[in-house]
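Notes to accompany the following structure.
Letters A, B, ... are given to chains in the order of the sequence lines, protein chains preceding strands, and every chain is numbered from 1.
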Amino acid sequence: MRRYPVIVVTREMSRLVREALQAAQTAGKIPEFDLDGVDARASKRAEQGDYSAALMPFARSARISPLQLAQIAVEYLPEAESVSRAEAVAPGYVNLFLSEDWLRSQLEAIYTEADDLYRLQIGQGKRAQVEFVSANPTAPLHIGRSRGAVVGDTMARLLEAAGYDVQREYYFNNAGAQMRNLGNSLRIRYLEALGQTVDLIDSERETFYQGEYLRDFAHELALEKGDAWVNEDYQVFKAYAEQKMFEMIKATLNRVDIHHDIFFNENSLYESGAIWEVLEELDRRGYVYKAAKSAVSDQQGDDEESGGKAEATWFRSSNFGDSKDRVLVKSSGEPTYTLPDIAYHKDKLDRGFDLLINVLGADHYTQYQVVRSGIQALEMDASKIHVIIVQLVAILRGGEAVRMSSRKGDFETLDDLIDQTSADAVRYMLLARSSDTHLNFDLDLAIKKSTENPVYYIQYAHVRCAGIFREAVARGVRVQNPDLNLLGEPELKFLRKVLELGETIELSASAFEPHRIAFYALELANAFHPIFDNVRVLASDVDPAVAQARLYFFGAAQIVFRRVLHLMGMTTPEVM
RNA sequence: GCCCCCAUAGCUCAGAGGAUAGAGCGUUGCCCUCCGGAGGCAAAGGCGCAGGUUCGAUUCCUGCUGGGGGCACCA
């Protein structure tokens with residue numbers, strides 16, 4: 001059995017205050033009332049203790065003043081080695097001060113936990129799946145997609161830290177018209193590569209993928225196959241392009257240390273017949289009808305030109321609050337993407353996960369709601385699905401927005417971005433914002449002034465710790481039985497910040513807000529650097545016993561920074 | 001027209017209904033030259049507007065203003 005010597009401090013402090021109030025209730029000092037909402041938080045100011053609980057909301061239930069309630073809580077507070085002192089303060093706070101001995105003892109816990117530091121139990125025994133990226137395999141990974149990639153992978157890492165068994169999945173959208181267009185575009189490039197001039201017909205002109213990467217594929221193909229494929233139709237080209245695209249996307253993701261466990265092919269939903277089963281099921285429940293136009297449409301008065309056309313198959317999404325019904329099968333007999341999407345989500349639910357996370361771009365939100373309606377129509381448990389909407393990324397160059405279009409090929413890819421900055425910088429910059437705010441990615445800043453990026457400030461903390469140990473080794477200094485009582489207030493101050501990692505992981509994982517770890521990392525670095533500056537280890541005026549304790553401390557600090565950087569998918573450089 | 005997101009320091013952004021709203025960058029002034037220099041300290045500077053709920057609102061609700069995105073028989 002694994003032991004968990006490191007505790008989430010907010011949990012522990014909340015527990016103590018609740019137990020105190022419960023004891024007071026048992027003793028008849030205050031009436032019985034629900035204590036669930038009693039929570040402690042890290043205090044903002046040192047004079048307000050290390051953690052505090054606001055009891056004002058409970059004064060009414062307790063039928064005494066908030067301050068009296070706080071005083072009673074202090075009076076009945078159970079003994080705990082983590083707390084040295086507690087005080088009641090107006091208007092009704094209980095301020096808790098961490099024991100310094102206990103703080104020091106956490107250093108040993110950090111060494112024990114090491115790379116598993118703050119692996120929590122909240123997800124223990126539960127399976128979670130994070131679906132992210134899921135970009136169409138028609139072009140290299142676009143920078144707009146990379147935000148979801150980073151957010152999704154970091155979310156997965158945080159869920160792992162919270163104790164979940166996590167699976168990363170990529171929904172590989174390899175069916176439908178777009179893939180046909182991709183195959184056809186490659187066919188045309190292939191013919192060009194063989195020296196033929198190809199005139200595009202009108203329909204091709206609109207759907208042609210112009211990116212440079214298809215020329216590259218075509219050249220390889222021409223070298224490999226010669227003119228053997230000149231009379232082939234789009235299908236062989238499609239298969240070839242898909243395979244190449246798949247490899248390319250995986251290679252790109254690999255550069256930012258993102259690895260999916262499963263690539264789920266949309267095609268398989270066609271091959272297994274799953275989409276038709278879903279259609280039948282929806283039909284059986286009365287949510288499907290055939291018509292030339294929607295029976296319910298919003299006020300906009302669209303669909304004018306649809307009169308007299310062949311009938312499509314519609315889903316009554318308006319029953320679930322949608323402004324209009326949506327097409328599941330086109331009049332051509334070909335499904336829209338909605339039908340396989342619903343089938344895919346049904347499949348994920350059928351696989352028995354406790355938690356499903358979907359990382360989606362804001363432009364897919366409406367579509368997701370249709371899918372969710374579909375899941376509800378199938379009477380499946382949609383509450384297991386949590387969506388992280390990432391707002392769009394605006395790329396700024398020279399203070400102006402860069403236009404992004406994957407059709408025209410003037411995009412900025414994730415590969416470009418990594419080339420021009422670094423994998424670490426890309427991960428940090430895309431992570432360090434709340435997902436539901438728009439993100440301005442200043443390309444100039446990211447390219448030319450990497451020193452201004454906080455990513456280096458954070459990594460530098462790790463580098464500095466490593467530097468001390470390099471020097472210590474060079475001088476033949478080794479840690480042996482350090483006396484932790486020789487550590488001073490600056491070191492304990494840093495430790496207090498370290499202990500907030502637990503609640504950061506807990507909150508990130510339970511609220512699906514991975515950006516919190518990025519801000520925590522910066523705060524931790526902020527707490528670290530001033531201390532590093534003042535707390536010398538190997539300087540000549542430092543007592544050897546003190547040096548031992550400090551070396552032990554910086555070793556722990558390095559473990560913490562390594563853990564935090566790993567949680568963000570970043571590297572842990574030893575030198576910079 | 002309808003739906004979603006956003007509005008906090010000069011800029012980019014944090015902020016789980018609680019005490020005196022925080023970082024980074026930029027600006028200004030200062031410190032150290034060491035086991036580290038991509039270093040440290042300090043200052044100036046802020047919750048779009050109007051209501052509501054609450055003991056208490058940057059946080060929740062409504063409206064307004066401003067910005068972004070979406071509302072296909074495209075994916």
Shortest non-hydrogen separation from A:D424 to A:V455 and the atoms involved
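Nearest pair, atom of A:D424 first, then A:V455: O-CG2, 3.9 Å.
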*Sub-3.5 Å donor-acceptor pair from the side chain of A:R145 to the main-chain atoms of A:T413, do we have one?*
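Pair absent, no side-chain N/O of A:R145 close to backbone of A:T413.
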For the ring pair A:F263 and A:Y171, is the centre-to-centre distance below 6.0 Å?
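Between A:Y171 and A:F263, which both carry aromatic rings, the centre distance is not below 6.0 Å.
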- [ ] For residues A:F264 and A:Y170, establish whether the separation of their ring centroids is below 6.0 Å.
- [x]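 Between A:Y170 and A:F264, which both carry aromatic rings, the centre distance is not below 6.0 Å.
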[N] base to [X] side chain: any donor-acceptor pair below 3.5 Å?
{"X": "A:S323", "N": "B:rC2", "answer": "no"}
{"X": "A:H438", "N": "B:rG67", "answer": "yes"}
{"X": "A:Y456", "N": "B:rA38", "answer": "no"}
{"X": "A:S52", "N": "B:rA19", "answer": "yes"}
{"X": "A:N95", "N": "B:rA19", "answer": "yes"}

**Item:** Complement of B:rG63, any strand, by Watson-Crick or G-U distances under 3.5 angstrom
**Value:**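 Matched B:rG63 with B:rC49 under the 3.5 Å cut-off.
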request  = Can you tell me the pairing partner of B:rU58 across any strand shown, Watson-Crick or G-U wobble, with both distances under 3.5 angstrom?
outcome  =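 Paired with no nucleotide.
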| request: When you get a sec, tell me which of B:rG24, B:rG40, B:rC74 is the closest nucleotide to the side chain of A:P454? | output: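 So the side chain of A:P454 is nearest to B:rG24.
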- Indicate whether OP1 or OP2 belonging to B:rC73 is found under 4.0 Å from a side-chain N or O atom of A:K290.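 No, no such contact exists.
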Task: Short side-chain N/O contact from A:N534 to OP1 or OP2 of B:rG40, under 4.0 Å - done: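 False: A:N534 side-chain N/O out of range (4.0 Å or more) of B:rG40 OP1/OP2.
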| Under 4.0 angstrom, heavy atoms only, what part of the nucleic acid is A:R41 near: base, sugar-phosphate, or nothing? |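 Since a base atom lies under 4.0 Å of A:R41, the category is base.
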